[in-house]
Amino acid sequence: MPSYLKRGQDASTVAAVDARTRLTVENILADVEARGDAAVRELSEKFDNWSPESFRLSEQDIEKALSAVAPRDLEDIRFAQAQVRNFAQHQRDSIRDIEVETLPGVVLGHRNIPVNAVGCYVPGGKYPMVASAHMSVVTARVAGVKRVIACAPPFHGGPHPAIVAAMHLGGADEIYVLGGVQAVAAMALGTGTIAPVDMLVGPGNAFVAEAKRQLFGRVGIDLFAGPTETLIIADESVDGEICATDLLGQAEHGPTSPAVLLTTSEKLARATMAEVERQLLRLPTAELAGKAWADYGEVIVCESDEEMVREADRIASEHVQVMTSYPDYFLNNMTNYGALFLGPRTNVAFGDKVIGTNHTLPTKKAARYTGGLWVGKFLKTCTYQRVLTDEASGLVGEYCSRLCMLEGFAGHAEQANIRVRRYGGRNAA
Ligand SMILES: NC(=O)c1ccc[n+]([C@@H]2O[C@H](COP(=O)([O-])OP(=O)(O)OC[C@H]3O[C@@H](n4cnc5c(N)ncnc54)[C@H](O)[C@@H]3O)[C@@H](O)[C@H]2O)c1
Ligand SMILES: [Zn+2]
């Protein structure tokens, strides 16, 4: 049995918060739907104190933002985008259209068709999340999406130059300085000034994630990518300092970000907990990270690697960092995670910012049924079929006719029967 040295807040409190968020989001979506641009402007004023002449940036605005970013920063952004683009391209190349003859004269196939128009949300409430622009915009472009638009909230009262640069260099067709639910609603529902998209992607806080969830159906969404979660699986091959650093590194995302340590070593568990307290004294973002750790941090001691796999699959964390003497055991056996980070030489920050895997990942146990954002999320796998010979039409038609009548579908059966009569030769029904 796993034993808890520290437990996070219980789920009922989280559910109560969720209910309030749900209601807030419902009201905002209804308002944007009813009043379009006027509602968007009022909501932006209310939540972000932001009401510019135009939410969309002009060419000149974009040039101005680019020139405000230091050359070194631009180069770093280009490097990160090159990594994301390269891996996404390899993933794209692994996805194939197929066409096969499944019975003599029966040809079935599928094609992977990019979604036509995508809205990318780039978060920027607490931190300007430049990297989210690479993850959504660059990946959509690799997939072949025709129209890629991007929104980020104002940061310190205006567009954040590095976010704008990343959106522009990533290939965004339209850039808006607009945040939160109003941004997501405007992109999905459309307004007088923003043409609606077919799909929303990108991470965000609880309001943004809930807005995407509620809009799903009217538009597509990538996945439920809410407040960051991290899980560290470690044994005595590493020390408390590196475990504490990696827990707090992701806890700093926000006050509701769970950071969990799973370990087979009680000694490492206690060393990590002590080290977390020490590091909180000097981490500049200790206010957020400390609250997340106090409310949602967990430390669980397991008896074996097998038990750690079971616990980790139950938790289904967004990020799972494995620092044990044989990390591949977890790669080979775990089934529920957004992304794995194997061995102490890598870590979640590499994935968040630069290494090339996508950082938009499933939260709140969505890892039970989906992986993260990737080029495949922008593609619709659509099937088609042809029947090439009279014999094949007759053969399938006879089976089809009987199977339609099994369900009482006389009209469907006629669709089959007319083919059997016309193409099915001597066996015609
Ligand atoms: N799952 C992932 O893949 C992933 C990746 C990166 C970041 N994240 C998460 O993204 C989040 C970013 O959050 P953020 O808040 O910094 O930025 P954000 O851009 O997601 O949200 C800011 C917006 O929230 C809106 N807002 C704030 N308070 C509100 C309220 N009371 N009612 C309605 N709207 C309100 C405002 O309009 C504001 O523009 C973090 O939680 C982070 O963990 C997740
Ligand atoms: Zn992170």
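Start at 1 with the first residue, then count along the sequence. Worth saying up front: this structure is predicted, and the values here are computed from it rather than measured. Start at 1 and go down the list; that is how both ligands and their atoms are numbered.
- Ligand 1 has no nitrogen or oxygen under 3.5 angstrom from a nitrogen or oxygen of Ser132.
- Listed by atom number, the atoms of ligand 1 under 4.0 Å from Thr363 heavy atoms are 1 (N).
- Judged by distance alone, the side chain of Asn112 and the main-chain N or O of Leu379 form no donor-acceptor pair under 3.5 Å.
- Considering backbone and side-chain N/O atoms, Gly125 comes within less than 3.5 Å of an N/O atom of ligand 1.
- Judged purely by atom type and a 3.5 angstrom limit, Trp50 has no side-chain atom pairing as donor or acceptor with the backbone of Gly179.
- The closest protein non-hydrogen atom to atom 19 (O) of ligand 1 is Tyr121 OH, 2.6 Å.
- Applying the 4.0 Å criterion to heavy atoms of Gly124 picks out, from ligand 1, the atoms 17 (O), 18 (P), 19 (O).
- Here the shortest heavy-atom distance to atom 6 (C) of ligand 1, taken over Met129, Glu229, Glu210, Glu318, belongs to Met129.
- A donor-acceptor distance shorter than 3.5 angstrom exists from the side chain of His319 to the backbone of Glu229, with no hydrogens or angles considered.
- Between Asp48 and ligand 1, an N or O atom pair is found at a separation short of 3.5 Å.
- Among protein heavy atoms, the minimum distance from atom 25 (C) of ligand 1 is reached at Gly180 CA, 4.0 Å.
- Evaluated by nearest non-hydrogen atom to atom 31 (N) of ligand 1, the leading choice among Tyr127, Trp50, Phe207 is Phe207.
- Although no hydrogens or angles enter the test, the distance criterion places no donor-acceptor pair under 3.5 Å between the side chain of Arg368 and the main chain of Thr335.
- For Tyr384, the OH atom is densely surrounded, since the number of other residues' heavy atoms within 6.0 Å is greater than 12.
- A 6.0 Å sphere centred on NE2 of His412 holds no more than 12 heavy atoms belonging to other residues, nucleotides or ligands.
- Of the angles at the Zn ion (ligand 2), the one spanning OE1 of Gln250 and NE2 of His253 is 100° when given to 10°.
- Summary of contacts: the protein heavy atom closest to atom 3 (O) of ligand 1 is Leu361 N, 2.7 Å.
- When only interatomic distances are considered, the shortest N/O to N/O separation between Phe47 and ligand 1 does not fall below 3.5 Å.
- At least one heavy atom of Val208 sits closer than 4.0 Å to an atom of ligand 1.
- Cation-pi geometry between Arg213 and Phe216 is not satisfied (NZ or CZ under 6.0 Å from the ring centre, within 45° of the ring normal).
- In this structure, the side chain of Lys6 engages the main chain of Gly297 through a donor-acceptor pair within 3.5 Å.
- Closest to atom 5 (C) of ligand 1 among all protein heavy atoms lies Pro203 CB, 3.4 Å.
- An N or O contact shorter than 3.5 Å links Asn205 to ligand 1 by distance.
- Heavy atoms from other residues, nucleotides or ligands lying under 6.0 Å from CD of Glu287 number 12 at most.
- Put simply, the side chain of Arg72 never gets that close to the backbone of Asp76: no donor and acceptor are under 3.5 Å apart.
- Between Pro153 and ligand 1, no N or O atom pair is found at a separation short of 3.5 Å.
- Using modelled atom types, one side-chain atom of Asp313 and one backbone atom of Asn336 make a donor-acceptor pair closer than 3.5 Å.
- Checked by distance only, ligand 1 and Lys126 come closer than 3.5 Å through their nitrogen or oxygen atoms.
- Considering backbone and side-chain N/O atoms, Thr24 never comes within less than 3.5 Å of an N/O atom of ligand 1.
- The residue from Ala292, Gly226, Gly338 that puts a heavy atom closest to atom 44 (C) of ligand 1 is Gly226.
- The nearest heavy-atom contact from the protein to atom 41 (O) of ligand 1 is Pro227 CA, 3.5 Å.
- Of all protein heavy atoms, the one lying nearest to atom 43 (O) of ligand 1 is Thr228 OG1, 2.6 Å.
- Considering backbone and side-chain atoms together, Ile28 places no N or O closer than 3.5 Å to any N or O of ligand 1.
- If you number the atoms of ligand 1 from 1 as listed, the ones under 4.0 Å from a heavy atom of His253 come out as 42 (C), 43 (O).
- Side chain of Asn86 to backbone of Ala82: no donor-acceptor contact under 3.5 angstrom is found.
- A donor-acceptor pair under 3.5 Å is absent between the side-chain atoms of Ser257 and the main chain of His253, judged by distance alone.
- Counting only distance, with no hydrogens or angles, the side chain of Thr346 and the backbone of Phe341 share no donor-acceptor pair below 3.5 Å.
- Checked against the Zn ion (ligand 2), the N, O or S atom of Asp352 at the shortest distance is OD2.
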